There are 2 protein chains.
Amino acid sequence: MATIEDVAKLTGLSRTTISRVINDHPYVSEEKRKLVLEAMEKLGYVPNSSARSLRNQKTSILALFIPRITNPFFSELVEATEIAAGEHGYQLIICQTRYSPEKELNYMNLLKTKQVDGVILASIQNEWKKLKPFLQYGPIVLCNEFDDCANVPTVRLDQVYGGYIATKHLLERGHTKIAYCSGGYRSNVAKSREIGFRKALAEYKLTFDERYAFRDAFHIADGKRVFHQMMALSEQPTAVFTGSDEVAAGIISEALRSGYRIPEDLAVVGFDNQAITELTNPTITTVHQPVKQMAQKAVDIIIEKIQTKKYEGKEIYEFPLQLIVRASTVGSELHESEA
Amino acid sequence: MATIEDVAKLTGLSRTTISRVINDHPYVSEEKRKLVLEAMEKLGYVPNSSARSLRNQKTSILALFIPRITNPFFSELVEATEIAAGEHGYQLIICQTRYSPEKELNYMNLLKTKQVDGVILASIQNEWKKLKPFLQYGPIVLCNEFDDCANVPTVRLDQVYGGYIATKHLLERGHTKIAYCSGGYRSNVAKSREIGFRKALAEYKLTFDERYAFRDAFHIADGKRVFHQMMALSEQPTAVFTGSDEVAAGIISEALRSGYRIPEDLAVVGFDNQAITELTNPTITTVHQPVKQMAQKAVDIIIEKIQTKKYEGKEIYEFPLQLIVRASTVGSELHESEA
DNA sequence: TATGAATATGAAAACGATTTCATTCGTTTC
DNA sequence: GAAACGAATGAAATCGTTTTCATATTCATA
């Protein structure tokens, strides 16, 4: 492989001048610039990234932490983040923690060893005090997931509101026995939605019933399981709030198979507004999350932090959620989207 | 940030000895080793990745090229590849070409600039002669997608067979008017499946009908569109082969909504064996692809190539596909999986 | 015509690791 | 008792850039 030294030799110039041409620095005569560019072309020269990273103390790589990419919500987040990073000349390394605190800490060493310039956490598996020490090595930005203790920029969605509007929608339609599904106990996203859920119940003078709570539902298969668990209860719920469209779809699928009518026997609300919501019959009422905007903002912020080198300091950027009403809650009646 | 020099100073030893401890080299007394480890701990020292990459001429990063990650097939591939890479101490950079030849070539510079040690192509957007020159900079391994001209290791699935068994299944059930859906004209995966499709037709003395061909179907929405296009034909097909479960699900969803019965009025075969196949009612007959095995093999191969530094040479590793029979082709009759 | 910019170039020192080559001890071995 | 060998250590070169200085030239200005 040709190095900058080879180009220097071929042109009879110094490495300095070659470097100036590469980096578009001033004070290079047009004559030499041409000469250098030709030599680079001829040798097939291209600057070595490792050498640049070492000298410039930056890698132009970001790390994105997610539990697993096969969750469509995170697929969408990765897609948007990769595109946004690319627009800034950054590459994206994927870190699947698979809900393991150890794996998460292990991936954090990417920051410590300077293999990446910054870390975007879209999920959090450790207490903040375990993660905080890494801040001395580079910026950490929270995106989607959040932590009240974390003194770093956070790009998030108003999940309390999301849980609230979805639940209120069910309450307005007369339901009083509403089950609650979420993914994970540790997640503050899930906790916030539950707060919104409870808030809506409270407004209707209802209390949260722990028997109706299922906090370990992530996939389609979990939805199917939960449906049967719900139906095994002495007092069956007439509606269910879920933390993801996959879970909602699983519930609906199994309910239909068991001869239940949706939404007459069971109304279902999903979350995420995935393509799957338009697939089932009935289609799924859900909450739309502006993932692209969130990802774009997170990338903008982290690049700013990389440049200013100020990593600490809480900043919250919050985007709104939107209820999308479909047939899984309102049946064949006329329905419309509401904000 | 502490450097190796700081550790050397604190211990009164040379950089050489510190490096020996870091890399577990022989000829370091137990006494000094302890001393060094303590000093590293005390200083919070950790080796700088860029410096190591430069000196060792390796980054421990792989690049994975895919069209877009929100396609569940590629999500699954990324998940498996990231895990396999991690087991070998490699990180994974995601490159979404979004079906653009220019983007693909642009990402290829990661190899040229030595930002990654190797490239795994799970999709191909350029003619091989455009990609071949990059082989001088590092290994390229094809995984899933393939190209007859490419003189590099290829890990693939027997797509001709996949197209064949799915189609034969429909033929055996008496269908003679079978539509064909695939994703992309450029893909050799799609082309191979079509060969298998045609082969099965030929065995039943049937010819391929171009009016029944839809080669631009990727997503759920495409499936819905295709359903209506099929039904607008003067002679409507009674069965349809699709290149993805999403498309199959889209077709089924729209068919049911239009009052068609599946499979009585229209039998549907999907591809990929995604979770979605168990969601629809009826469940979807599909072709299972051993994605994890394929990803694991691709990673093993590329790491071997990185080590041996021999990049050229065709090697084909092929994994089998398997038909999974479900209700979208056999209705309520008793059905079973066949190999 | 001397003076001070502005322009153009290069030598050498970083960046932070690893590796080659010497060197210094002990210990065997003949 | 000298030669040979293995263990333990360090000085300095190296990986391929960028940047800091220093120097040389040109050119306008007083």
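Owing to the predicted nature of the structure, the values given are computational and were not obtained by experimental measurement. The chains referred to below are lettered A, B, ... by the order of the sequence lines, with proteins before strands, and numbering in each begins at 1.
- Straight-line distance from the CD atom of A:E31 to the P atom of D:dT25: 15 Å, rounded to whole Å.
- Listed pair B:Y27 / D:dA7 meets the phosphate criterion, a side-chain N or O lying under 4.0 Å from OP1 or OP2.
- Donor-acceptor pairing under 3.5 Å is lacking for the side chains of A:E76 and B:T70.
- If you take CG of A:N23 and P of D:dT17, they are 11 Å apart, rounded to a whole angstrom.
- Using a 4.0 Å cut-off, some side-chain N or O of A:Y45 falls inside it from OP1 or OP2 of D:dT17.
- Taking only distance into account, the side chain of A:R20 meets the base of C:dT9 through a donor-acceptor pair shorter than 3.5 Å.
- Regarding B:H25, its NE2 atom lies at a distance of 8 Å from the P atom of C:dT18, rounded to whole Å.
- One finds no side-chain N or O of B:T17 lying less than 4.0 angstrom from the OP1 or OP2 phosphate oxygen of D:dT9.
- At a cut-off of 3.5 angstrom, the base of C:dT18 holds at least one donor-acceptor pair with the side chain of B:R55.
- Ionic pairing of A:K305 and A:E315 is present here: one or more N-O contacts between side-chain nitrogen and carboxylate oxygen are shorter than 4.0 angstrom.
- Taking atom CD on B:E5 and atom C1' on C:dT18, their separation rounds to 14 Å, with Å as the unit.
- Atoms CD (A:Q115) and P (C:dG16) sit 16 Å apart, rounded to a whole Å.
- Distance, A:L43 CG to D:dG16 P: 14 Å, rounded to whole Å.
- Within 4.0 Å (heavy atoms only), A:V46 reaches sugar-phosphate atoms of the nucleic acid but no base atom.
- B:Y99 and B:F218 have their aromatic ring centers within a separation under 6.0 angstrom.
- Looking at heavy-atom distances under 4.0 Å, B:S19 makes contact with a base.
- Contact between the side-chain N/O atoms of A:N56 and the OP1/OP2 oxygens of D:dT17 is not found at any separation under 4.0 Å.
- The residue B:I18 sits apart from the nucleic acid: no heavy atom pair falls under 4.0 Å.
- Both B:V28 and B:L54 lie close to DNA chain D; mapped to their nearest nucleotides by heavy-atom distance, the more 5′-ward contact belongs to B:V28.
- OP1 or OP2 of C:dA17 has not a single side-chain nitrogen or oxygen of B:R15 nearer than 4.0 Å.
- Rounded to whole Å, the distance from CZ on A:R33 to C1' on C:dT7 is 13 Å.
- Residue B:A51 is the one, among B:A51 and B:T16, whose nearest nucleotide of DNA chain C lies closer to the 5' end (criterion: closest heavy atom).
- Residue B:Q57 has no polar side-chain atom (N or O) positioned under 4.0 Å from OP1 or OP2 of D:dT14.
- Applying the 4.0 Å criterion to OP1 and OP2 of C:dG10, one finds that A:S14 has a side-chain N or O inside that range.
- At the phosphate of D:dC15, neither OP1 nor OP2 sits under 4.0 Å from any side-chain N or O atom of A:N48.
- The phosphate of C:dA8 (OP1 or OP2) has no side-chain N or O of A:K32 nearer than 4.0 angstrom.
- Without hydrogens or angle criteria, A:D147 side chain to A:C149 main chain gives a donor-acceptor distance under 3.5 Å.
- Between B:S29 and D:dT9, a side-chain N or O to OP1/OP2 separation shorter than 4.0 Å is present.
- One atom, CZ of A:R52, and another, C1' of D:dT19, lie 14 Å apart when rounded to the nearest Å.
- Separation of the A:Y311 and A:F134 ring centroids does not fall under the 6.0 Å cut-off.
- In summary, the side chains of A:E145 and A:S187 do present a donor paired with an acceptor at a separation below 3.5 Å, with no hydrogens or angles considered.
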